[in-house]
Protein chains: 2
Amino acid sequence: MASQTVENYIKAIFQLTEREGGSVSTSAISQQLATSAASVTDMLKKLAEQKLIAYVKYRGVHLTPGGKSMAVEMIRKHRLWETFLHDKLAIGWDAVHEIAEQLEHVQSATLIDQLDAFLGYPKFDPHGDPIPDANGKFTLRNQVLLNTLQEGDQAQVVGVREHDADFLKYLDSRALHINASLLIKEKQSYDGSVRVETAGGAETLLSSKAAQNIYVKKNLN
Amino acid sequence: MASQTVENYIKAIFQLTEREGGSVSTSAISQQLATSAASVTDMLKKLAEQKLIAYVKYRGVHLTPGGKSMAVEMIRKHRLWETFLHDKLAIGWDAVHEIAEQLEHVQSATLIDQLDAFLGYPKFDPHGDPIPDANGKFTLRNQVLLNTLQEGDQAQVVGVREHDADFLKYLDSRALHINASLLIKEKQSYDGSVRVETAGGAETLLSSKAAQNIYVKKNLN
DNA sequence: AAATAAATTTAGATAAATCTAAATTTATTT
DNA sequence: AAATAAATTTAGATTTATCTAAATTTATTT
Ligand SMILES: [Mn+2]
Ligand SMILES: [Mn+2]
Ligand SMILES: [Mn+2]
Ligand SMILES: [Mn+2]
C-alpha cells in the first residue's frame, strides 16, 4: 500500500503534467509540495523503483500507466469527498479542499463506491472540476473563460481555474457561485475588466485577472 | 498536532482502562496495538513527556485529564464515522470499524460538528456504543446481558460487547440486529444456552458465550 | 567559448516509529 | 528465602521522510 506521502507526490506530478504538459521538474514538485528539492530527488528515486514514474536524472519525470491510474484514483477520491463536504455537510467551497486533502488517503474501495452512490454519481465537484468515474473517465464539457465573453453575452458559472480560498470567498460575496447566471453589461478594452449583472440585477465589476479565472458556459442567443 | 500513532495509543489506553480499571500495563497495550513491548515502552516515555499519560516504570500508565479528553474526542470521531458509514452508506456493522479506524484521524473540528448535525446528533453507534457529545458526555442506558434473562422474558437488542466481524455476521444471519425484539423460549441451566424467538417467529439457539456478548433492554411485563 | 547563474543531485544528519536480543526488575514457585 | 518465570526496559538497528550544505550538471549570459 502506498504511503500518504507517495500518494501526494503522484497526485502532484499528475496535476503538474496536466498544467504544463511534457515532463515535470524537480523544482516544480518541490514548490507544489513545499518540500526541499533534495527531498524530492530522494523520493523520485523511490517512485521510479516502484515503477510509478519514469525518471531521467536532471531531466524530470512523467507518470507510468500505473502511476497515472493511482493519480486518477486519488483525484476521484478527493473530488468525491469535496462534493460530500459541500453538498451534505454544508461546508463552503473555500474550505473543502483542505479537509479532502486528508480524506483522500482513507483506504477502502467499498467506501468510495458507496460514497459515490450516496452522492448520486456526481460528475463535477464544488469547484466545477470533473470527477473521474470508477473507470477513471472524466466528463468533458463546453466551457470558456469569462474574459472571452463580449458585451451582451449571457452565461452561467461552471467552474473556477484558481482554487485560492480568498478568491473563492470573494466570488461568494458577489453571488458568483457555481450555476450563477450572468450577463456582460460592459467590457473595458484597455484593461480587460468586465461589468457583470448577476441574478436579481446586482452588478459587479470584475478585474481582468478575476475574469480569467472563472469558467462559464455561454448561453445561445 | 498529535500523530495518528499517538492518537491510537491514547485511545487504546482509554479503552483498556475502561475494561480493566486502574493502571494499564505495557503488555496490555502491546497486545491491543499488535506492537512489541519494547516499542510500547519507547512510546510511553514520549507520551509522558507530552503530559498525556502518567507513567511509572514497570508499573503501567494512566491518562492525564489532557490524555483523557483526547481519547474521548477520538471515540466521538470514531463512532460518528461508524454511524455515517452504516446509516448513510449502508456499510454493514461488521465492516464499519476498520474504515472508521482511519477516518477518526482526520483533523477538522468543523467537519465533526457538521457530521454530527448531518446525522441528527446520534446517541449510539451501529454497535450500540454511546457516542460522546461535543462536551464529551456519554449517554447512559439501562441494559443487561442476554444471558441474565429468564424464560418468558421479552427484550430488544441494544448493543454488542464483542465487536469481532464474524460474531456480527453471525448475528446478522439470525436477524439479531440492533433493535431486534426477542422472547426467551427456553434456557438450559446446565450449559447456559438459550433458545430465543425473533420477529416473525423464527427461533435460534444461542450458546452461553454468544448470550454473554449481547446487550438487551428488558421489556416490562 | 568562457563565465556565470540556476537547477539538480549527493553527502551527511535528524526525527518518528518500529524491531530483535540482551539486561533488568517484579512476581510466583518451590 | 532462593530459584525460577514473567514482565518490562535498555541497547543497538532499521525504515521512511525530511533537512542543510556542498558538489555537480545544465542553462543562460557575456
Ligand atoms: Mn493529500
Ligand atoms: Mn475541487
Ligand atoms: Mn485509528
Ligand atoms: Mn462501534
Side-chain angles (χ1 to χ4, degrees), chain A residues 1-13 16-17 19-63 67 70-71 74 101-102 104-107, chain B residues 1-13 16-17 19-63 67 70-71 74 101-102 104-107:
Chain A
M1 236 183 335
S3 69
Q4 295 199 11
T5 305
V6 166
E7 290 185 335
N8 284 337
Y9 269 89
I10 294 298
K11 187 159 65 101
I13 294 167
L16 289 167
T17 306
R19 240 181 282 157
E20 321 291 327
S23 69
V24 178
S25 71
T26 298
S27 54
I29 299 168
S30 159
Q31 206 178 343
Q32 174 85 2
L33 297 177
T35 36
S36 72
S39 302
V40 173
T41 299
D42 275 354
M43 182 56 77
L44 294 183
K45 288 182 205 163
K46 288 177 207 157
L47 297 179
E49 262 172 37
Q50 296 176 238
K51 311 262 194 233
L52 292 167
I53 62 171
Y55 171 43
V56 183
K57 249 195 195 180
Y58 294 102
R59 296 265 100 120
V61 301
H62 61 85
L63 293 175
M70 178 185 288
M74 294 308 298
E101 204 56 47
Q102 300 176 62
E104 70 189 1
H105 301 290
V106 174
Q107 305 279 359
Chain B
M1 234 182 336
S3 68
Q4 296 199 9
T5 306
V6 166
E7 290 184 334
N8 284 337
Y9 269 89
I10 294 298
K11 187 159 65 99
I13 293 167
L16 289 166
T17 305
R19 239 180 284 157
E20 321 290 327
S23 69
V24 177
S25 70
T26 298
S27 54
I29 300 168
S30 158
Q31 206 179 343
Q32 175 85 2
L33 296 177
T35 37
S36 73
S39 302
V40 172
T41 299
D42 275 353
M43 181 57 77
L44 294 183
K45 288 184 205 162
K46 288 177 207 159
L47 298 179
E49 261 172 38
Q50 296 177 237
K51 311 263 194 232
L52 291 168
I53 63 171
Y55 170 44
V56 184
K57 247 195 195 180
Y58 294 102
R59 293 268 101 117
V61 300
H62 60 86
L63 294 175
M70 178 185 287
M74 293 309 298
E101 202 57 45
Q102 301 175 63
E104 70 189 359
H105 300 292
V106 174
Q107 305 280 357

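Only heavy atoms go into these numbers, but all of them, side chains included; no hydrogens, no water, no symmetry mates. Note that the coordinates shown come from a computational prediction; the quantities given were computed from them, not determined experimentally. Throughout, a chain's letter reflects where its sequence line sits, starting with A, and its residues are numbered from 1.
Between the C1' atom of dT18(D) and the NZ atom of Lys45(A) lies a distance of 14 Å, rounded to the nearest Å. Per the geometry, CD belonging to Glu7(A) stands 16 Å off P belonging to dT16(D), to the nearest Å. As a whole-Å value, the separation of Arg59(A) CZ from dA6(C) P is 18 Å. One interatomic measurement links the two molecules: CD of Gln31(A) to P of dA6(C), which rounds to 15 Å at whole-angstrom precision.
The partner of dT25(D), taking Watson-Crick or G-U wobble pairs whose two distances both stay under 3.5 Å, is dA6(C). Nucleotide dA1(D) has dT30(C) as its partner under the Watson-Crick or G-U criteria, with both atom distances under 3.5 Å. With a 3.5 Å ceiling on both atom-pair distances, the Watson-Crick or G-U wobble partner of dA11(D) is dT20(C).
Summarising the local packing, CD of Gln50(A) is surrounded by more than 12 heavy atoms from other residues, nucleotides or ligands at distances under 6.0 Å.
Judged by distance alone, with hydrogens and angles left aside, the side-chain atoms of Gln102(A) form a donor-acceptor pair with the main-chain N or O of Gln107(B) at under 3.5 Å.
Contact annotation: Lys57(B) side-chain N/O to dT26(C) OP1/OP2 distance is not under 4.0 Å.
Thr41(B) comes within contact range of at least one nucleobase, with a heavy-atom separation under 4.0 Å.
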What string of B, S and - do you get for nucleotides 16-25 of chain C, 5' to 3', when a contact is any protein heavy atom under 4.0 Å? -BBBBB--BS
